[in-house]
Amino acid sequence: MLPVPELPEVETVARQLQPRLAGRKVHSLRILDARLRNGRTPALRGRKIRGVRRSGKRVLIEFTAAPRHRDDLYLAVHLRMTGRLLWVPEHAPRRTSHLRARFELDRGTLLFVDTRRFGTFEWFRSDTEAAPTGVDPLESGFTPRRLDELVLGVRQNAKAWLMRQDKLVGLGNIYASEILHAARVSPLREIASLTSVERRALHRSIRRILSRAIENCGTTFSDFQDARGVSGSYQSLLAVYGRERLRCGRCGGTIRRIVQQQRSTFFCPACQR
DNA sequence: ATTATATCCTGATCGC
DNA sequence: TGCGATCAGGATATAA
């Protein structure tokens, strides 16, 4: 199973890149896939990387101003399905398939590899401009009250709602199922019909599942020099996703797979009401 | 205005 | 063994 980058995976990528890239000077950027050139690609020569962090589901790379470029610059990399940001120390000229862009740095190279080419580059001049529209579920502003406001008047089912990036930013197909299971809420429930007790459980589950995933993602993506970079223990954390017909670890019921919004949803009908 | 659906893309897997 | 069909899903454009 491929670890599709949702919030915890993107957080992990950003945390691992930060110490390696912060302070590095950029010699050049070569974009090899024209799809990554939406509008103008700003000049990078002479800029340094100030830092790398997560912004919603995107990796935000912050560049300093430079003598010839007076403004700060921000690049938001959206990994979508198969995008990988790989840091290669020194000059290790490796043959990499699906290479879409490469940053030559004063020490090492940053590669953007993306088999399915869904990934995107977006350039911004300030971090407010780069900020996502939805609420970050791990920020302090995401309170139970805020959740109440966000679901107000929405008539979608709980699964579809959780994946709306204009409400909460960062959840995808896998964690949406996991969170609903943790909250004991059926994915079929209309989101605005949840009781206050259920909404409270949902809020808790969103934060708990994401935090726990972040704690464990170090083992999911452990090695940025390996283009595969993915190993096993991720799967053992999943309570329902990909576990159709298996037993629910909480109640012993049988996990079911249904299709919502053309996407698989996994849940336990016995304990998710 | 809000919600549902088709589309992008390519490697892996499935069925015959 | 081979080959076409199907599946996977984040976000967006388009349709309802």
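Each chain gets a letter, A, B and so on, in the order the sequences are listed, and its residues count up from 1.
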A:L171 CG - C:dG10 C1' separation (whole Å): 12 Å
Compare the minimum distances between each of B:dT10, B:dA4, B:dT7 and the side chain of A:R263, then state the nucleotide with the smallest one. B:dT7
Grab the CG-C1' distance between A:L168 and C:dA11 for me, whole Å please. 16 Å
Does a side-chain N or O from A:T82 land closer than 4.0 Å to OP1 or OP2 of B:dG11, or not? no
Please tell me if the side chains of A:H98 and A:D114 come closer than 4.5 Å, counting only heavy atoms from C-beta onward. no
Protein-nucleotide distance (A:N38, atom CG; C:dA13, atom P), rounded to Å: 12 Å
Without decimals, in angstroms, what is the distance between A:K159 NZ and C:dG10 C1'? 12 Å
Give the rounded distance in Å between these two atoms: CE of A:M81 and P of C:dC7. 15 Å
Nucleotide nearest A:V154 when distance is taken to its side chain, options B:dA4, C:dG10, B:dT3: B:dT3
Looking at B:dG11, I'd like to know if its phosphate oxygens (OP1 or OP2) sit under 4.0 Å from a side-chain N or O belonging to A:H98. yes
Short side-chain to backbone donor-acceptor contact, A:R247 and A:G252, under 3.5 Å: yes
Looking at B:dC8, I'd like to know if its phosphate oxygens (OP1 or OP2) sit under 4.0 Å from a side-chain N or O belonging to A:R117. no
Quick one: label A:T120 by what it contacts on the DNA or RNA (base, sugar-phosphate, nothing), any heavy atom closer than 4.0 Å. nothing
Using atom types as modelled and distance alone, determine if a side-chain donor or acceptor of A:T195 lies under 3.5 Å from a backbone N or O of A:E198. yes
Integer-rounded Å distance: C:dA11 P and A:M163 CE: 9 Å
Protein-nucleotide distance (A:Y175, atom OH; C:dG10, atom P), rounded to Å: 12 Å
Which nucleotide in the list B:dA4, C:dA8, C:dG10 gets nearest to the side chain of A:R257? C:dA8
Between A:K57 and A:E9, is the closest basic N to carboxylate O distance under 4.0 Å? no
Side-chain donor or acceptor of A:Q272 paired with backbone N/O of A:V185 under 3.5 Å: yes
C:dG10 P sits how many Å from A:Q165 CD, rounded? 8 Å
A:R80 side chain: which of B:dC9, B:dT10, C:dA11 is closest? C:dA11
A:E6, nearest nucleotide to its side chain (from C:dG10, B:dC9, C:dA11): C:dG10
How do A:R155 and A:T115 order along DNA chain B: which one's closest nucleotide is nearer the 5' end? A:R155
Does A:Q262 put a side-chain nitrogen or oxygen below 4.0 Å from OP1 or OP2 of B:dT5? no
Give the nucleotide from the list B:dT3, C:dG10, B:dT10 with an atom nearest to the side chain of A:R164. B:dT3
Would you say the ring centers of A:F118 and A:H78 fall short of 6.0 Å from each other? no
Are C:dA11 and A:F118 stacked, with the base six-membered ring and the side-chain ring centres under 5.5 Å apart and planes under 30°? no
